[in-house]
Amino acid sequence: MAPFLRERDHLSLAQTGVLISASLIGSIVSLFPWGLATDRSGERLVLFVGLALCGASLIAAGLAHGFWPLVGLLSLAGATGASVQSASGRAVLHWFPPHQRGLALAIRQTAIPISGFVVAVALPPIVHAGGARWGFFTMGIACFAGAVLGAAVLREGPRPDVPAETALSPMPVRDPRIWRLSIGSALLIAPQLCVAGFTVLYLNDARGMSAGDAAAVLAVMQALAIGGRIGAGRWSDVVASRLRPLRAIALAAFASVTLMTLLLDAPLPVLIPVLVVAGVLSMSWNSLSFAAVVELAGHDRSGTAIGLQQTLLNGSGAAYPGLFGALVAASSWHVGFAVVAVFPLVGWRVLRALPG
């Protein structure tokens, strides 16, 4: 929807980047409280309340105009919708044993590229027909449907049979391993937000593709990322390690974004496959980081650990699109993507210190 909002509200590239990250900005203040609430009240109630409020926020965004009202309402949508992170992640941890958990969490994480694919295909004709208002309405209705479905089918998972005195693991905020994993993941997410997040804008603004054709490229990227996430999760189950595949994908993301940067001026038939591969790799690692943090935290602290990790992820993620848009506006797309390529390399270096 970014090109339509830019035209309707006369937004700069930097302002558009802020809108792209607004939901992440809102989630920064809510993820940790949602995690605590999930550990205390269970995932069913938390998911229902959060998604229902998120849907209401998106409906309100459809009625708003201008940069600041949209920033506020999309931030609120992010703050309320963030409940799904801890709730659904904790549910997978409780229902699946370790040798299946990587694949199960990967399937859970495919919700992001699946929704990205559906949105990239469905929203352009909806917005063309009814304007940006109906784009927001559509997303709001989808959140209401998710809230109802979650309330209908989610149940608290079985608790492990452990002695009462060992049932609680240390608080995640006191575990340096969780901090290191979260910081490394926060670096890895930069290409995901700046390559996938700006694909439509780059192809539309810099290469002259129509918004619909550029969205189709994004849809292909999101569709392939579904397979990438499932494959990465299964890989981690086979090798009995979340961190080895995570580090390998970090290096591959660095290499692919670097190659993409070198080919930005190449003909589109040459550039687009490399752009798609870079986007797929940048979206394939999330379930590995998710699985690693919940396993480090243990059953009774899993929601809190997810909240802490996702707070760091979304905190850095909220900054990346706005900073990237400002950097591109001040220099060039080449400089912006070259800087982004460095982040997964640094993330790989941070994650190397973790055993496993």
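The local environment of CZ in R155 is crowded, with over 12 non-hydrogen atoms from other residues, nucleotides or ligands closer than 6.0 Å. For E7, the CD atom sits in a loose shell: 12 or fewer heavy atoms of surrounding residues, nucleotides or ligands are nearer than 6.0 Å.
In this view, L51 and L47, A147 satisfy the side chain to side chain contact (heavy atoms under 4.5 Å, CB included) rule, not counting sequence neighbours. Shown here are the side chain to side chain donor-acceptor pair (under 3.5 Å) partners of Q310, two or more places apart in sequence or in another chain: there are none.
Proximity of L19 to F67: side-chain heavy atoms (C-beta onward) are separated by under 4.5 Å at one or more points. Contact annotation: the side chain of T258 never approaches that of L345 to less than 4.5 Å [non-hydrogen atoms, C-beta and beyond]. In this structure, L188 and L351 have side chains that are in contact, with non-hydrogen atoms separated by less than 4.5 Å. Looking at V119 and Q222, their side chains never come closer than 4.5 Å, going by heavy atoms from C-beta outward. Counting only heavy atoms from C-beta outward, the side chains of S185 and L312 never approach each other to under 4.5 Å. Looking at R90 and D39, their side chains come closer than 4.5 Å, going by heavy atoms from C-beta outward. The shortest distance between side-chain heavy atoms of R177 and P355 does not fall below 4.5 Å.
Of the possible polar contacts, one joining the Y202 side chain to the L264 backbone as a donor-acceptor pair under 3.5 Å is found. Between the R180 side chain and the V350 main chain, a donor and an acceptor come within less than 3.5 Å of each other.
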Would you sort out whether V328 and F337 count as a side chain to side chain contact (heavy atoms under 4.5 Å, CB included), showing the intermediate values? CA-CA 9 Å; V328 169; F337 285 125; over 6 Å; no

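A donor atom on one side chain and an acceptor atom on the other are not found under 3.5 Å apart for S86 and T38. No side-chain donor from either of D9 and Q15 sits under 3.5 Å from a side-chain acceptor of the other.
A salt bridge is absent between D265 and R207; no separation between the charged side-chain nitrogens and carboxylate oxygens falls under 4.0 Å.
Applying the ring-ring contact (aromatic ring centres under 6.0 Å, His included) test to pairs two or more places apart or on separate chains, those with a residue in residues 126-158 are F4-H128, W134-F137.
A cation-pi arrangement is present between R108 and F290 under the rule of less than 6.0 angstrom and at most 45 degrees off the ring axis.
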